[in-house]
Protein chains: 2
Amino acid sequence: MPTMKEVASRAGVSLKSVSRVVNGHPNTSAEVREKVERAIAELGWRPNTHARSLRTGRTGLIALSVPDLRTSSASHLAQALVSEAERQGLRVAIEPSHGRAERVRRTLDACGASFDAVVHVGALPAGIDPASLDPAHPVVLVRAAESLEQAWADAPPEAAADGPARDAADEPAGNAAGATGGSRTPRDGAAAASLDSVDTDSDASARAVHHHLRTVGRSRVVILGREAGAADGFTRALSRAFADAPVLRPSHTADRAAGRELAAQALAAAPASDALVCAEDELAIGALSLLHERGIAVPGRIAVTGHGNIDDGQFTTPTLTTIDLGLPSLARHVVEQVRARLDGDRSPARRIVLRARILRRESTLGLGGIGPTGAVGGAAGIDPDLGPGSGSGPSPAPDPAAAADRGPEEAPWLG
Amino acid sequence: MPTMKEVASRAGVSLKSVSRVVNGHPNTSAEVREKVERAIAELGWRPNTHARSLRTGRTGLIALSVPDLRTSSASHLAQALVSEAERQGLRVAIEPSHGRAERVRRTLDACGASFDAVVHVGALPAGIDPASLDPAHPVVLVRAAESLEQAWADAPPEAAADGPARDAADEPAGNAAGATGGSRTPRDGAAAASLDSVDTDSDASARAVHHHLRTVGRSRVVILGREAGAADGFTRALSRAFADAPVLRPSHTADRAAGRELAAQALAAAPASDALVCAEDELAIGALSLLHERGIAVPGRIAVTGHGNIDDGQFTTPTLTTIDLGLPSLARHVVEQVRARLDGDRSPARRIVLRARILRRESTLGLGGIGPTGAVGGAAGIDPDLGPGSGSGPSPAPDPAAAADRGPEEAPWLG
DNA sequence: TTGTACGCGTTATCAA
DNA sequence: TTGATAACGCGTACAA
C-alpha cells in the first residue's frame, strides 16, 4: 500500500500539498493539484483509515443501539439508516441491547473509541444520565416504530412553557407540532432534554387512526399497547386519542405472540368491541391471527390497525391498515443531525418531529373498500389493490370463505 | 483521555511495561503489574482504538455483506452474528448490497481499511474473482437461509474427487457429509474454492422435507424455488430430492409477493398437486396467504413447507412446517473461522457444513397432528401446540371456517 | 525483567 | 501558495 509520502515524492511536492489536495482544501494551485492527482492514480494510493482515525479521532462509524434487530421495525429502521449513512459517507455498526441498560451503557461508552456517534432507538434507559455523556460524541434518539417515547407531556401548557428544558421544535415535514393544536405543548422528557432526537408525532398518528376509525363507523375500541415503560409513547398517544378505550399491554415484548394474547384478552374483557387499535404492527398481525383462528371477521366484526407499516402488513389476510413512519426521511434527518454535531454544531438539543401518515387497507376497509377516503398511500406498490373499484387486486379468484364473511362486513359501520 | 504515557509515569514504570500489562504479555513481574493496574484504574485509562488500529492494522470490525437487511432471514442471521461476534470481542457493521455486485466489490475493497474481515451471505457475485482478494483480510461465505449456494455439485463422484479444488469438509454438527450417501460428493463451486465457508447441508434438509412429506402421504409436489442465479442451492437440492417435481422460480426476489404469485402459478399448472415445497419461509407465507384467500385448505388439500424458521412461521394460520438452520451455531462457526484467519491461520480454505433440522408444524400436520412423527423441534416455545393430543393448543375456540375446511383435511393423506 | 527510541500514515501548525 | 516538522497513542525491535 503506497503512502502519502510516496505520492508526494512521486508528484514532486510536499506531504502537506498532497494532504491539501486529498482533503479538498481551498488554497491549492491547479498545477499542484493535477500533479498530485496523477501520482495518486498511478500509484493507486488510497487513504489509510486507521491513520486518519488516529489523527482526526473519527471513525466514520455510527452505532445503532436497538433492542433486537430481528423485529421488523428494527430491521427496517436499520436498513434505512444504513442506506442513508452510506449516502453521507458513514457506516453503521449494530449494537443490540436486548433491552438491557448495561448494554446500552457499554455502547455509549464505546462512543469515541469505536464510534463517532450513537443512534439510540427509544428512550435512554432510566439509569443513564444524558448529562454524563460527552458532547463531542453525539447521541441521537429515535422514537419511531420500535419505541415511541414520552413525546408530549401531559402537563398543562403553561407549566411546560415555564420549564427550562424547552427545546427548539422543528417541523421539517409539514408543521406537525403546530397542527397538534394548542392543548398540548411539546416538551421533552427529562431523559431527552439534553439530547437530539428525531421523533414521529405520535399524537398526530393516533388522531389519524381515531379519525379513520370514526369514518368507518367504529367507536368501541380496545387499545393493544406496548409494554409499560420507556417505549410506550404511541400507546399513550392512543389512549389520549381514544379517551375511554381500555388499554391492554403485553408483559414483555410487543411481538406477535403478545398480539394473540392481548387480542384474546380484549375479546374476553370487551366482547362488544368493534376495533383493536395496536401500537405495533407485530401486535396487530398476532391479533389478526387469533381473530382468524376464532372465526371472527376482520373488519366485519372487528377492525384492526397497526403501526409501523412493516412489509408483512401487505400480506396478511386482510391486509393491515397501519401508520407509515416514512423511514427514509426519518433516517435522513437522523444522519444529518449526527453530521451536524460531528461538524461542531454545539447548539442546544434539537428536536425534530416528523409526521407519519395512515395507510388505509383491508383490515379497516374490508375487501371491497368503501370508496376513496383520502390519500391511500403514495409509495408505489404499497396499496396496489385499494382503489375504489373493488376486487381488482392481485387476487383474481374470490375466496369463498372470505366471501361468507363479507356479508356482515359492510353493514355495521356504513350505517 | 489519559494516555499510556501518563499511566506509565503515574505508575513509575516505563511505557513498555504498561503495554506489557495491558496486552497480557508473559514476562512481567507481579509488582509492576499491580502498580500499572492501579494507575490505570485511578486514571480511568482506556485503550485508544484508533492508535491501536494504526499500529496493528486491525479494527475489530467485521462487515456483514447481505443483500437486504429487511428480510427476516437476513436480520435473523445478522442478529446471531452480531451476538456471537460480541462474545468474541468483535463488532459487526452492516453493508447491504441490494444485490448489486459493485456494492459487494466495494465492501470487499474496504476490507483492510475499515474492516478486518467480510462475512458474505450467499455466493460471491459472478464478476468477483476470489483469487483477487487479499488473504490477509479473510472472507467467509455463509450459505444458509438467505441464499444457499451450489453446495453439492451434480458431477459424478469420481470427477469431483479428481478436481483440484476439493476442500476439507468438516461436519461439526453430526457427520452431515457422510450421511448424504455415496451418490454425491461435496465440491465447492469455482467461486467458493479458495474461500472459507459455513454452509448448511441443503441436500440433507431437502431430503428431510421429502421424507416428512412422504410420511404425511404427499407425493404430488410443486417446488417454489428461489430466483435463478447464485442463491438457489437449496432450490436445486429440493429438485434433486423431489426428482419429478416441477420447479417454479420468482423472477426477482423470493419474498411474500413472489410466494403468492408462484402459488397461483402452481395451482394453475398443477391443479392436482398436494404440496408446495418452498425454498424460503417468506415464499411459503406468501403461498399460505394466497391459498387462504382461495379457500384452499392447508394442509387439507395442499401442504406447505418453508425454509429458515423465521419467527413469523409460528404465527401463520396454519403454523408453518419449516427447516431450522441453527443460526447461533452457524454464527459461532463463522466468527471462529474469521478469528482463526485473523490469527494467522493460512491453511487451505475450510468448508464447514452444518446440518439443519425440520420443524413439523400445522402446515403439513394439520391442527390435530398425526401423532408423533419424530422430534418436533427442541427449542423452547417453538412448537408449543404440536403434541400428539390434538386440539390442546392456544386456540380454545375453534374457528368455524377452519372447521369447515377440516373435514377433508384428515382423510387424504392418512389413507 | 525493564526501558529507549522509533515508526505506523495522516493532519495541522507555523514560518517561509 | 507551499513546505518542514510536530504531534496523534500505541506496539515493538533492540539495548540494557
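Proteins get letters first, then strands, A, B, ... in listed order; numbering begins at 1 in each. In what follows, every heavy atom counts, from backbone to side chain, and hydrogens, waters and symmetry copies are set aside.
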Among D/dG9, C/dG3, C/dT10, the one nearest any side-chain atom of B/V13 is C/dG3
Taking the side chain as every heavy atom from C-beta outward, state whether A/L77 and A/L330 have any pair of such atoms under 4.5 Å apart. yes
A/R58 atom CZ is separated from C/dT11 atom P, nearest whole Å, by 13 Å
Within the sub-3.5 Å range, which N or O atoms of nucleotides 12-16 of chain D have a protein N or O partner, and how far apart are they?
none

Under 3.5 Å, is there a donor-acceptor pair between the side chain of A/T56 and the main chain of A/R58? yes
Classify B/S53 by what it touches in the nucleic acid, base, sugar-phosphate, or nothing, heavy-atom distance under 4.0 Å. nothing
Verify the contact: side-chain N or O of B/T3 to OP1 or OP2 of D/dG9, cut-off strictly under 4.0 Å; return yes or no. no
Taking atom C1' of C/dC8 as reference, at what distance in whole Å does atom CZ of A/R52 sit? 15 Å
Does A/T107 use its side chain to pair, donor to acceptor, with the backbone of A/R103 at less than 3.5 Å? yes
Please report, rounded to the nearest Å, how far the P atom of C/dT10 is from the CG atom of B/L54. 9 Å
If you pin B/M4 and A/E31 to their nearest nucleotides in DNA chain D, which one's is more 5'? A/E31
Provide, to the nearest angstrom, the distance between the NZ atom belonging to B/K35 and the C1' atom belonging to C/dT1. 13 Å
Distance check: side-chain N/O of B/S17 vs OP1/OP2 of C/dT1, anything under 4.0 Å? no
Quick one: CZ on A/R52 to OG on B/S53, what's the gap to the nearest 0.5 Å? 15.0 Å
Base, sugar-phosphate, or nothing: which does A/V22 touch, judged by heavy atoms less than 4.0 Å apart? nothing
Can you confirm whether B/W45 sits close enough to B/R10 that some side-chain heavy atom of one is under 4.5 Å from a side-chain heavy atom of the other? no
Hey, is the main chain of B/T3 close enough, under 3.5 Å, to the side chain of B/E6 for a donor-acceptor pair? yes
Choosing from D/dT2, C/dT2, D/dC10, which nucleotide comes nearest the side chain of B/V32? C/dT2
Rounded interatomic separation in angstrom, taking CG from A/N48 and C1' from C/dT11: 13 Å
Between the side chains of B/R87 and B/E84, is the shortest nitrogen-to-carboxylate-oxygen separation below 4.0 Å, so that they form an ion pair? yes
